[in-house]
Every structure is written in structure tokens, then in C-alpha cells.
Amino acid sequence: MIARHHELSSRSYSAAIHKRHAPPYTSRISRNANVAYLAANLDALDYRGRDVVRLYVTGFPLVGCPIADSRVYRPMTRTGDELRACNEQLTKMQNSERAIAWKSWLEFKTIKRAQADPEAAAAVHAATMKEVNRDLVSAPMTWKSLVRTLSDAIGRYVIPWCLPRFARWQNDKYRNIDDGRSSGTNNATLLLETIVCPSFEFSLVVARAVRTVTTDQGLPMPHMTIALHDLTAAYRYIPNSTPHYACWPVYHEEKVSWHYMPGHPFGLTSSVINFNTYAEAIAVITRAYGVPVEHYVDDYMIVDVAAGADTASKMLEAIVDGTGAGRVTSRAPRRAPVLDAGKHKPPAAVNVVLGVETDLSRVGSDHVVTFRTTPERREKLLHMWAEYERVNRMTTSEAASFLGKHGFALTPTYGSVGRAALLTLVQRQHGHDVSDTFSTEMKHTSEFFTAPPGHGQRWVSPCWGALRRSSNSCSTGCMIVFQKSVPKGKIQQHS
């Protein structure tokens with residue numbers, strides 16, 4: 001009740017802060033956020049990354065040479081050549097003549113792409129208008145209106161340097177791409193830090209910690225649960241300070257309109273660090289209240305003893321509501337981050353975490369945590385291999401995404417089998433394989449994962465068909481024993 005009282009009393013201060021310091025484009029998605037309450041919590045914890053509060057009001061930078069270190073993540077060493085190349089690209093983007101030339105080429109390319117694939121162009125328009133209706137993207141406007149609107153909002157004349165937005169058919173649906181790579185926007189971004197996301201194994205880390213405490217106290221190991229929460233339209237609710245770099249053209253009904261986004265497009269290098277800085281701050285505050293919580297981008301994992309029921313989830317909800325828009329009941333758009341109630345998974349002994357079945361049902365009795373790749377995840381990957389082979393194409397970005405999907409699928413497999421077979425995806429991702437076609441090497445990798453058990457090839461490893469098999473030497477899961485006598489954990493085969 002005391003915390004609730006302070007949350008409510010801080011909202012008037014937050015409103016004053018937004019009114020005085022927030023530009024109109026950030027207020028569009030963040031003005032309901034209780035930044036005073038967020039600041040009070042982070043300051044009380046002496047959190048090193050508390051500049052996130054200021055940036056949440058004024059906007060996070062999308063480009064910069066370099067972008068300032070948030071002091072939250074691992075530092076990166078950058079070279080003088082990287083800094084010079086970044087500044088050259090940023091100077092190019094800030095040049096009015098070059099920006100106008102880029103606009104003309106981008107408009108031409110958008111029209112040509114739409115005429116070549118009208119269905120994909122319709123998907124781009126539909127996705128953009130869906131965001132417009134949620135007030136996460138501006139309404140369609142002419143180029144002159146875009147320049148005038150952004151110049152007025154920023155307080156100086158700017159020529160936007162927009163992104164290509166196109167749709168790609170992926171996993172039986174169109175997926176929109178905001179292409180910060182081909183626009184050169186990512187080349188005008190130099191980060192001084194990098195993140196390493198946690199994995200589904202977080203529940204094991206917590207279980208080991210609980211085991212240590214209970215052993216020291218002479219108590220039995222309790223039963224445990226894991227719950228999941230997800231932030232709604234996560235990147236879209238983190239404001240940026242340079243909306244003239246977060247805009248794109250859309251072709252519809254034989255004309256091109258322009259839109260800008262006050263939040264973060266997925267295709268920008270800076271979006272990852274900027275969003276995670278906010279998500280980590282929420283996790284840090286929640287941990288301070290005794291909740292074991294971790295996040296993988298916008299997905300929160302909450303591990304607790306079963307006796308706690310859903311109190312850990314409620315605490316995370318209270319922190320997000322308290323620092324965000326609160327528990328409003330009106331249908332008006334919330335202009336602050338909010339948890340997605342539809343994606344919440346209540347605390348349970350077994351839950352699917354990042355596509356991996358996490359089983360804590362034997363924690364109390366056998367001190368065992370079991371991880372299994374779900375059958376749905378395995379079948380989805382097999383389907384994607386077949387689809388890439390059918391269309392005879394896999395781009396560098398698709399290879400990077402596909403490689404990441406295999407990481408989660410193979411990590412719980414006994415011995416992490418199949419990593420070496422993915423070298424062909426690594427080569428495509430990093431440009432060592434410059435082709436976009438489905439190569440012979442990729443066909444071999446596909447065969448490695450899709451071959452049925454018992455394939456009669458003598459040169460094949462025992463884990464031929466690693467995604468297809470569900471037993472024997474290529475088990476689809478592993479169980480980790482964390483008894484005190486085995487402090488580092490012992491991985492046992494599990495089928």
C-alpha cells in the first residue's frame with residue numbers, strides 16, 4: 001500500500017516532467033509513463049544505468065558515432081577506422097542534397113518493388129495501417145508534410161533519411177522488414193557495448209540457488225514453478241530522439257505516402273540496446289523486491305517456489321504498471337509500456353520457455369530440471385528447411401535468424417548435437433558465402449537434420465537426423481542434476 005501511495009503521488013511529477021522536457025513525438029507513446037517513480041526506484045538502488053529515465057523522456061538516439069555507453073552491458077572496443085566510417089555515413093545522411101537524392105531513389109524502388117509483388121506491397125500497407133490505428137505510427141502524409149511535421153517537432157529544418165520497408169514471405173506469412181542495412185542507417189551507428197541474452201537455463205540457475213539456501217538452512221528442497229510475461233509491442237513504446245531516421249514510404253492505390261515512427265523499428269542496430277536498457281531496468285527493480293526474474297528481450301521469465309503461487313508475477317505486473325501507465329480501464333491508447341495479458345503464462349511446474357519445454361516438476365523430489373525441445377519447434381525448423389530448399393534462396397539476414405532458431409532447439413539436445421552442421425549458416429550470415437541461393441552445403445545440412453532414424457549411411461554420425469529423432473543417442477532433451485554433491489551440474493541423457 002505504501003508503494004502504491006508513492007506511485008500515485010509521483011504521477012503528478014511525471015506529468016510535469018513530460019510537459020516540460022518531452023518533445024511531441026516522444027510524448028505520443030510515452031507521456032503516461034510514471035518516470036518519477038521509475039527514477040526513484042533506480043536512484044534508491046544506485047543503478048548505474050539510470051540515465052534510461054532521461055532518455056525515456058527525451059528519446060533514445062537511433063544513430064551516433066558513437067552512441068553513448070549506457071553502462072549496463074558489456075563494453076566493446078572500437079577502432080579509429082570504425083569511427084571514421086561511421087562519421088562519414090552520418091555526414092552523408094545529414095547532407096540535404098544527398099538526403100533528397102536518397103528519397104528519390106527510395107520512392108522509385110518502393111514503386112518498382114510494389115509493382116513486381118503487389119501482394120507483398122499490400123501486406124506492407126496493412127501492417128503499417130495496423131500500427132497507425134494503434135497510434136504507434138503517424139498517419140499517411142505527403143513528403144512535404146513529413147518534412148514540415150518532423151521539422152516542427154524537432155525544432156529545426158531536417159530532411160528525413162528514411163528506411164525501405166518491404167514484406168518477405170516467411171513461416172507461412174508476410175513479415176515486414178524495416179531495412180536499416182540497405183539505407184546505410186546502421187553504418188551511422190557505432191555502439192560501445194553489446195548484450196548477451198540469457199537463455200531458458202535461467203530456471204536452473206535459480207533452482208541451484210534455492211538448493212544452496214535450503215541446504216544451508218537444513219530445509220527440504222521446495223517445489224518450484226516458472227511463469228512468463230511479455231511486453232506489448234515492446235520496441236514501439238520506447239521513444240527515439242530522431243524520428244527523421246525512423247520513417248518509410250508505403251505504396252498503396254498507385255501512390256506513395258510517408259510515415260514516421262516515434263518508437264523503434266526492428267531493423268536498426270541501436271534498437272536492440274535501447275530497448276533492452278529499459279527492459280533490464282524493470283528487471284533490476286523487480287529483483288530488488290526479491291523476485292527471481294530475467295528477460296530475453298521483451299520476454300520475462302519469473303521463477304519462484306510453488307508456495308509463492310503467483311505473487312512473483314504480480315510483483316512484476318505491479319512494477320510495470322507503477323512505472324508505466326498504471327491499471328487504467330479506459331479504451332484510450334496507453335502511452336507507456338504495458339504487459340500483454342494475452343501472452344501471460346501463469347506459474348506452473350512445466351512451461352515452454354523460448355520454445356523449450358522447461359520441466360521443474362522433479363525439483364522438489366529428485367533435484368532435477370529437465371529441458372526438451374518441443375515437437376512443434378522441431379517440426380517448424382524442418383518445415384523451414386524444406387521451404388528454403390523449395391524456393392532455392394536464403395539471404396544473409398534469413399541465415400542469421402535461422403541460425404538463432406537452431407541455437408535454442410539444439411541447446412537442450414543431448415550434447416548440443418548438430419552445431420557443427422550449422423557452419424554453412426554461419427558462413428552465409430557473415431558474408432563468407434556471398435550467394436543467396438540454397439547451396440549444396442545447405443542441402444547437406446538439411447539432410448543431416450531431416451533424415452529419418454536408422455539411415456544407412458556409414459559415414460554419418462550417430463546423431464544423423466538430430467531434429468527428427470526423439471530417443472537414442474540424439475535425445476531431444478537433457479536433465480540437469482544440481483544436488484550439492486555435483487555443484488557444476490551433471491548432464492544426463494533423457495529421451
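For the pairing with Asp135, the salt bridge (Lys or Arg N to Asp or Glu O under 4.0 Å) check across Lys130, Arg236, Arg335, Arg31 returns one residue only, Arg335.
Salt-bridge annotation for Glu389 and Lys443: present, with a side-chain N of the basic residue lying under 4.0 Å from a carboxylate O of the acidic one. Ion pairing of Lys103 with Glu107 is present here, as a side-chain N (NZ or NE/NH1/NH2) and a carboxylate O approach within less than 4.0 Å. The pair Glu280-Arg287 meets the salt-bridge criterion, with a side-chain N (NZ, NE, NH1 or NH2) lying under 4.0 Å from an Asp/Glu carboxylate O. The pair Arg393-Glu398 does not meet the salt-bridge criterion, since no charged nitrogen lies less than 4.0 angstrom from a carboxylate oxygen.
For the pair Thr142 (side chain) and Ser145 (backbone), a donor-acceptor distance under 3.5 Å is present. Formation of a donor-acceptor pair under 3.5 Å by the Tyr73 side chain with backbone atoms of Asn276 is found in this model. With hydrogens and angles disregarded, no donor-acceptor distance shorter than 3.5 Å links the side chain of His125 to the backbone of Tyr251. At least one donor-acceptor pair under 3.5 Å links the side chain of Asn34 to the backbone N or O of Gly322. Checking side-chain atoms of Lys345 against main-chain N and O of Asn351 turns up no donor-acceptor pair under 3.5 Å. A distance-only check finds a donor-acceptor pair linking the side chain of Ser30 to the backbone of Thr26 [under 3.5 Å]. When atom types are taken as modelled, the side chain of Thr437 and the backbone of Ser439 share no donor-acceptor pair closer than 3.5 angstrom.
The nearest pair of heavy atoms linking Cys197 to Val297 is SG-CG2, 4.3 Å. Residue Ala281 comes nearest to Val52 through the heavy atom pair CB-CG1, 4.2 Å, listed as atom of the first residue, atom of the second, then distance. The shortest non-hydrogen separation linking Pro23 to Val57 is CD-O, 3.8 Å. Annotation for Ser270 and Ile67: closest pair CB-CD1, 3.8 Å, computed over non-hydrogen atoms. Annotation for Leu425 and Met394: closest pair CD2-SD, 3.5 Å, computed over non-hydrogen atoms. A pairwise comparison of heavy atoms in Leu192 and Arg78 identifies CD2-CG, 3.8 Å as the closest pair.
In this structure, the salt bridge (Lys or Arg N to Asp or Glu O under 4.0 Å) partners of Arg165, at least two apart in sequence or on a different chain, are Glu131, Asp178.
Using cut-offs of 30° and 60° for the angle between ring planes, the Trp102 and Trp161 rings count as parallel. Ring geometry, Trp248 versus His259: the interplanar angle falls under 30°, so the pair is classed parallel (tilted spans 30 to 60°). Using cut-offs of 30° and 60° for the angle between ring planes, the His406 and Trp385 rings count as perpendicular.
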Quiz prompt | CA sep, side-chain torsions, deciding dist, call: Thr277, Arg71, side chain to side chain donor-acceptor pair (under 3.5 Å) | solution = CA-CA 9 Å; Thr277 301; Arg71 302 174 65 235; over 6 Å; no
Exercise. Take Thr189 and Asn186 through the side chain to side chain donor-acceptor pair (under 3.5 Å) test and state the conclusion after the steps.
Key: CA-CA 5 Å; Thr189 306; Asn186 288 342; 4.8 Å; no
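Donor-acceptor pairing under 3.5 Å is recorded for the side chains of His264 and Asn274. Checking Thr232 against Arg134 by side-chain atom types alone, no donor-acceptor pair falls below 3.5 Å. If you check the side chains of Glu193 and Ser70, you find a donor sitting under 3.5 Å from an acceptor.
When side chains are defined from C-beta on, Pro337 counts as touching Tyr278, because their heavy atoms get closer than 4.5 Å. Between Ile285 and Leu42, the closest side-chain pair of non-hydrogen atoms falls below 4.5 Å.
Between Phe402 and Tyr388, a ring centre-to-centre spacing shorter than 6.0 Å is recorded.
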